Amino acid sequence: ADPNLKYKWMPGRFLNDSTSFNPNATITGPTIFTVTITDTRFENCSITKTVKLNTPILDELAKILDSIKVCAGVATPINPTGDARFKYEWSPVTGLDNANIANPKANVNQTTVYTAKITDTQRGNCSVSKQVKVITAPPFTVVPTFKDSISCTSNVFRNSVKSDNPKVTFEWFDGTTSLGKSDTITLRPTVKKTYKVTGTDENGCAVSADVNLDPAMITIDATAPNNG
């Protein structure tokens with residue numbers, strides 16, 4: 001540094017020496033510093049400049065959610081905005097498809113707390129850590145039932161479905177074709193067929209059940225009436 005130049009950095013509270021040519025800064029987020037340089041050989045000869053220090057690793061850390069809700073047994077990304085430029089190490093590794101990437105998928109059946117250690121290999125290998133709580137939504141049931149009848153023209157199955165979660169909504173399918181959203185439906189298969197009903201809870205978790213219907217299994221009660 002030129003001994004004829006005097007430096008004054010502000011704000012000085014983040015610096016080890018606010019009058020140094022090259023001070024060390026300790027910051028917790030992006031910070032703008034102003035430096036005034038004065039040439040002591042000339043009266044009133046000063047210039048001022050601003051310097052912005054960014055903290056990429058802290059910005060990356062802030063992307064990680066404190067908690068995320070997932071469906072039990074469904075692989076779900078737990079850090080969707082994570083940047084692959086940083087080195088990630090997740091622990092525990094249980095339930096993760098890859099513990100060394102920015103955005104692993106977690107497949108868990110119970111609430112689990114993971115710790116992410118992030119290292120900026122491009123800026124001195126500094127590291128920070130944060131925990132994320134992966135909350136598993138409560139399981140629920142999907143239980144279909146049906147009653148059958150027969151007429152001269154068609155076989156009719158009056159189907160219904162219920163769940164132990166009153167907030168679950170239902171949708172019926174013939175293959176991939178939706179037959180409607182309801183907890184009841186009337187079906188008229190002419191041959192043995194498998195339908196599907198899917199229940200979705202308030203968290204977006206889905207559970208499906210098959211409904212096997214066979215018109216050939218319908219029986220007629222042929223008992224003669226008692227006329228007295």
Side-chain angles (χ1 to χ4, degrees), residues 1-72 74-137 202-205:
D2 189 333
N4 296 307
L5 301 179
K6 292 175 59 178
Y7 292 83
K8 179 63 177 178
W9 293 86
M10 296 181 66
R13 65 183 182 277
F14 300 118
L15 304 173
N16 66 326
D17 184 352
S18 63
T19 62
S20 170
F21 161 71
N22 186 27
N24 293 325
T26 302
I27 57 178
T28 58
T31 305
I32 296 177
F33 291 95
T34 300
V35 59
T36 300
I37 307 171
T38 302
D39 191 331
T40 58
R41 294 170 297 182
F42 305 96
E43 186 177 357
N44 297 322
C45 182
S46 298
I47 58 172
T48 299
K49 186 175 183 179
T50 59
V51 178
K52 183 178 181 181
L53 295 186
N54 294 312
T55 53
I57 195 168
L58 295 180
D59 297 339
E60 182 70 8
L61 187 71
K63 295 178 183 179
I64 300 178
L65 300 175
D66 293 326
S67 63
I68 183 171
K69 186 167 285 188
V70 303
C71 304
V74 177
T76 306
I78 60 175
N79 187 29
T81 59
D83 189 343
R85 180 182 82 73
F86 295 91
K87 178 183 177 182
Y88 270 82
E89 298 170 90
W90 294 86
S91 61
V93 300
T94 305
L96 300 180
D97 64 336
N98 190 334
N100 296 302
I101 60 174
N103 184 29
K105 292 181 179 180
N107 189 335
V108 293
N109 290 307
Q110 61 184 10
T111 297
T112 305
V113 177
Y114 290 99
T115 299
K117 179 183 178 183
I118 309 172
T119 302
D120 192 340
T121 58
Q122 297 181 9
R123 289 178 170 83
N125 286 319
C126 54
S127 298
V128 292
S129 297
K130 184 176 181 179
Q131 289 187 331
V132 55
K133 188 176 186 179
V134 179
I135 302 171
T136 304
E202 67 273 25
N203 300 302
C205 300

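Reckoned from all heavy atoms, side chains included, excluding hydrogens, waters and symmetry mates. If you're wondering where the values come from, they're calculated on a predicted model, not measured in any experiment.
Just one residue in the list Thr115, Ile101, Asn79 forms a side-chain contact (heavy atoms from CB on, under 4.5 Å) with Trp90, and that residue is Asn79.
Applying the salt bridge (charged side-chain N to carboxylate O under 4.0 Å, His left out) test to Lys69 and every residue at least two apart in sequence or in another chain returns nothing. Among residues two or more places apart in sequence or in another chain, the salt bridge (charged side-chain N to carboxylate O under 4.0 Å, His left out) test is passed with Asp66 by Lys130. Legend: residues meeting side-chain hydrogen bond (donor to acceptor under 3.5 Å, both in side chains) with Arg123, ordered by chain and number and at least two apart, are absent. For Lys87, the side chain to side chain contact (heavy atoms under 4.5 Å, CB included) criterion is met by Glu89, Thr119, Thr121, not counting sequence neighbours. Qualifying side chain to side chain contact (heavy atoms under 4.5 Å, CB included) partners for Val51, counting only residues two or more places apart in sequence or in other chains: Trp9, Leu53. Residues satisfying the side chain to side chain contact (heavy atoms under 4.5 Å, CB included) criterion with Thr50, sequence neighbours excluded, are Ile32, Thr34. The side-chain hydrogen bond (donor to acceptor under 3.5 Å, both in side chains) test applied to Thr31 returns no partner, not counting sequence neighbours. The side-chain hydrogen bond (donor to acceptor under 3.5 Å, both in side chains) check on Thr19 picks up Asp17, with sequence neighbours excluded. The side-chain hydrogen bond (donor to acceptor under 3.5 Å, both in side chains) search around Asn24 returns none, not counting sequence neighbours. Every salt bridge (charged side-chain N to carboxylate O under 4.0 Å, His left out) that Arg41 has, sequence neighbours left out, goes to Asp39. Partners of Cys205 under the side chain to side chain contact (heavy atoms under 4.5 Å, CB included) rule, at least two apart in sequence or in another chain, are Cys71, Ala137, Phe140, Asp201, Asn203.
Between Asp120 and Ile57, the shortest heavy-atom distance links the atoms N-CD1, 3.7 Å. Pairing each heavy atom of Val108 with each of Gly95, the nearest pair is CG1-CA, 4.4 Å.
Between Tyr7 and Ile37, the closest side-chain pair of non-hydrogen atoms falls below 4.5 Å. Considering only heavy atoms from C-beta on, Thr48 stays 4.5 Å or farther from Val35 through its side chain. Using a 4.5 Å heavy-atom threshold, the side chains of Ile78 and Leu96 count as touching. A heavy-atom distance below 4.5 Å is found between the side chains of Ile64 and Ile118. For the pair Ser20/Leu15, no side-chain contact is recorded, criterion being any heavy-atom separation below 4.5 Å from C-beta on.
Within the structure, side-chain hydrogen bond (donor to acceptor under 3.5 Å, both in side chains) pairs that include any residue of residues 104-114 do not occur (at least two apart or interchain).
Between the Thr40 side chain and the Asn4 main chain, a donor and an acceptor come within less than 3.5 Å of each other. A distance-only check finds no donor-acceptor pair linking the side chain of Gln131 to the backbone of Val113 [under 3.5 Å].
In this structure, the separation between CE on Met10 and OG on Ser18 is 9.0 Å, given to the nearest 0.5 Å.
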